Q: 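Before we start, here is the structure in question, set down as structure tokens.
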Amino acid sequence: MRIPTTTPARAAELIQRDQGLLLRRVEGKSEEELRAPYDVTAGPLGDFCDSLHDLVAHVLMWDEINLAVLRDAKAGRLHWSLDPRWETAEIGRSLNLGGVEAGRRIPSELVLHRFRSVGAALVAEISQYDEADWADPSTGAGFDGGVGALAEYVSTTPDGFLFAHAARHLQPVSA
């Protein structure tokens, strides 16, 4: 059985730290500056971001998926993204490319608004759990280890960084 390595409070703190890192990087930048070429640390499957705008859209897409995973678990369902057919490098790359392309069609101001809104909802979703429920296997909709283990699973980058998605692309981080 998977045991969560964080508490809900620590998970929320790590998510807020990661979001803050990206928000500080884009703060005060114009639409043109956000869409200007910017070399992000690609990491696995990350070579599709050409700008900070793209990176915000990319992290946003995964935050939206992760929020849906947790909300589905609360309703007793496993999210579509946990089906093994979706958990391949090829499909992950397709999702990444599609999410970034969709984000490119939206003004940066609105992508950032959505990023903040989804980020707040993700933190609120996690913060509703106490430590017992976080680790209770019955809270994970059948995922081994409960909602805490599920949140950690979906919020870990392919190379093993927990709750540090934006940081993974912006700078080297330690696990």
Side-chain angles (χ1 to χ4, degrees), residues 1-23 41-46 48-49 55-100 102-103 111 114-170 173-175:
M1 180 171 91
R2 295 176 196 212
I3 308 276
T5 62
T6 61
T7 64
R10 179 68 177 146
E13 175 187 323
L14 292 170
I15 290 168
Q16 288 173 313
R17 183 181 72 183
D18 193 56
Q19 292 168 348
L21 179 67
L22 184 51
L23 288 170
T41 303
L45 309 175
F48 40 81
C49 291
L55 181 59
V56 173
H58 166 68
V59 174
L60 166 62
M61 179 197 71
W62 286 109
D63 283 354
E64 287 176 325
I65 290 172
N66 293 347
L67 177 59
V69 165
L70 298 178
R71 287 180 172 169
D72 275 4
K74 186 168 40 176
R77 297 183 302 269
L78 279 178
H79 190 262
W80 59 262
S81 67
L82 297 170
D83 183 295
R85 295 173 293 176
W86 287 94
E87 292 199 295
T88 69
E90 180 182 342
I91 295 300
R93 181 168 178 72
S94 294
L95 283 170
N96 288 334
L97 290 167
V100 168
V111 171
R114 192 166 134 198
F115 178 77
R116 288 181 183 99
S117 178
V118 170
L122 183 58
V123 168
E125 185 69 25
I126 286 172
S127 297
Q128 73 178 324
Y129 291 96
D130 62 23
E131 290 185 31
D133 288 339
W134 183 250
D136 184 344
S138 71
T139 62
F143 186 85
D144 185 25
V147 74
L150 178 60
E152 290 178 359
Y153 176 74
V154 299
S155 297
T156 300
T157 62
D159 55 346
F161 296 97
L162 178 61
F163 300 118
H165 191 174
R168 174 63 185 94
H169 291 296
L170 288 170
V173 294
S174 58

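All of these numbers come straight from a predicted model, not from anything done at the bench.
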Q: List the atom of Gly103, the atom of Val111, and the distance in Å for their closest heavy-atom pair.
A: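 Taking every non-hydrogen atom into account, O-CG2, 3.8 Å.
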
Q: In Å and rounded to the nearest 0.5 Å, what is the CD1 to OG distance from Ile15 to Ser127?
A: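 Ile15 CD1 to Ser127 OG: 8.0 Å, rounded to 0.5 Å.
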
Q: Between OG of Ser155 and CG of Leu14, what distance do you get to the nearest 0.5 Å?
A: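 One finds 10.0 Å between OG of Ser155 and CG of Leu14.
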
Q: To the nearest 0.5 Å, what is the distance between CG on Leu60 and CZ on Arg116?
A: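 Taking CG in Leu60 and CZ in Arg116, the distance rounds to 11.5 Å.
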
Q: Look at the aromatic rings of Phe143 and Tyr153 and report parallel, tilted or perpendicular, splitting at 30° and 60°.
A: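 The arrangement is tilted - the two ring planes meet at 30° to 60°.
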
Q: Looking only at non-hydrogen atoms, find the nearest pair between Ala57 and Gly99 and report the distance.
A: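 Looks like CB-O, 4.2 Å.
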
Q: For the pair Glu152 and Arg2, find out whether any cationic side-chain nitrogen is under 4.0 Å from an anionic carboxylate oxygen.
A: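 A salt bridge is absent here (no side-chain N lies under 4.0 Å from a carboxylate O).
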
Q: Quick one: which residue pairs count as a side-chain hydrogen bond (donor to acceptor under 3.5 Å, both in side chains) with a foot in residues 59-68, not counting sequence neighbours?
A: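 Found Trp62-Asn96, Glu64-Arg114.
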
Q: Side chain of Trp134, backbone of Thr6: donor and acceptor closer than 3.5 Å?
A: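 Yes.
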
Q: Between CG of Asp18 and CZ of Phe161, what distance do you get to the nearest 0.5 Å?
A: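 Nearest 0.5 Å value for the CG-CZ distance: 11.5 Å.
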
Q: Of all heavy-atom pairs between Ala12 and Ile126, which one has the smallest distance, and what is that distance?
A: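 Shortest heavy-atom contact: N-CG2, 4.2 Å.
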
Q: Is any side-chain heavy atom of His169 less than 4.5 Å from a side-chain heavy atom of Thr157?
A: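 Counting from C-beta outward, His169 and Thr157 never come under 4.5 Å.
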
Q: Run the side chain to side chain contact (heavy atoms under 4.5 Å, CB included) test on Leu170 and Leu22 for me, step by step, so that the C-alpha distance in whole Å, both residues' side-chain angles and the decisive distance to 0.1 Å come before the verdict.
A: CA-CA 8 Å; Leu170 288 170; Leu22 184 51; 3.9 Å; yes

Q: Return the minimal non-hydrogen interatomic distance between Cys49 and Val100, and the atom names on each side.
A: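 That closest heavy-atom pairing would be SG-CG2, 4.2 Å.
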
Q: Yes or no on side chain to side chain contact (heavy atoms under 4.5 Å, CB included) for Asp72 and Leu82, after CA distance, side-chain angles and deciding distance?
A: CA-CA 11 Å; Asp72 275 4; Leu82 297 170; over 6 Å; no

Q: Can you name the nearest heavy-atom pair linking Ser81 to Ile65, along with the distance?
A: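 For Ser81 and Ile65, the tightest heavy-atom pair comes out as OG-CG2, 3.8 Å.
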
Q: With a 4.5 Å limit on heavy-atom distance, are the side chains of His79 and Trp86 in contact?
A: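 No; the side chains remain at least 4.5 Å from each other.
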
Q: Does Leu70 reach the side chain of Leu122, with side-chain heavy atoms less than 4.5 Å apart?
A: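 Side chain of Leu70 against side chain of Leu122, heavy atoms only: contact under 4.5 Å found.
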
Q: How far does CD1 of Ile91 sit from CZ of Arg85, to the nearest 0.5 angstrom?
A: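 Taking CD1 in Ile91 and CZ in Arg85, the distance rounds to 10.0 Å.
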
Q: To the nearest 0.5 Å, tell me how far Asp136 CG sits from Glu131 CD.
A: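 Asp136 CG to Glu131 CD: 13.5 Å, rounded to 0.5 Å.
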
Q: Using 4.0 Å as the upper bound for N to carboxylate O, is an ion pair formed by Arg10 and Glu13?
A: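 A salt bridge is present here (some side-chain N lies under 4.0 Å from a carboxylate O).
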
Q: Between the main-chain N or O of Glu90 and the side-chain N or O of Ser94, is there a donor-acceptor pair closer than 3.5 Å?
A: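 Pair found, side chain donor or acceptor close to backbone of Glu90.
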
Q: For Gly76 and Ala141, work out which heavy atoms get closest and say how close.
A: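 For Gly76 and Ala141, the tightest heavy-atom pair comes out as C-CB, 3.6 Å.
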
Q: So, using side-chain hydrogen bond (donor to acceptor under 3.5 Å, both in side chains) as the criterion, who are the partners of Asp130 when residues are at least two apart?
A: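 With sequence neighbours excluded, Asp130 shows a side-chain hydrogen bond (donor to acceptor under 3.5 Å, both in side chains) to no residue whatsoever.
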
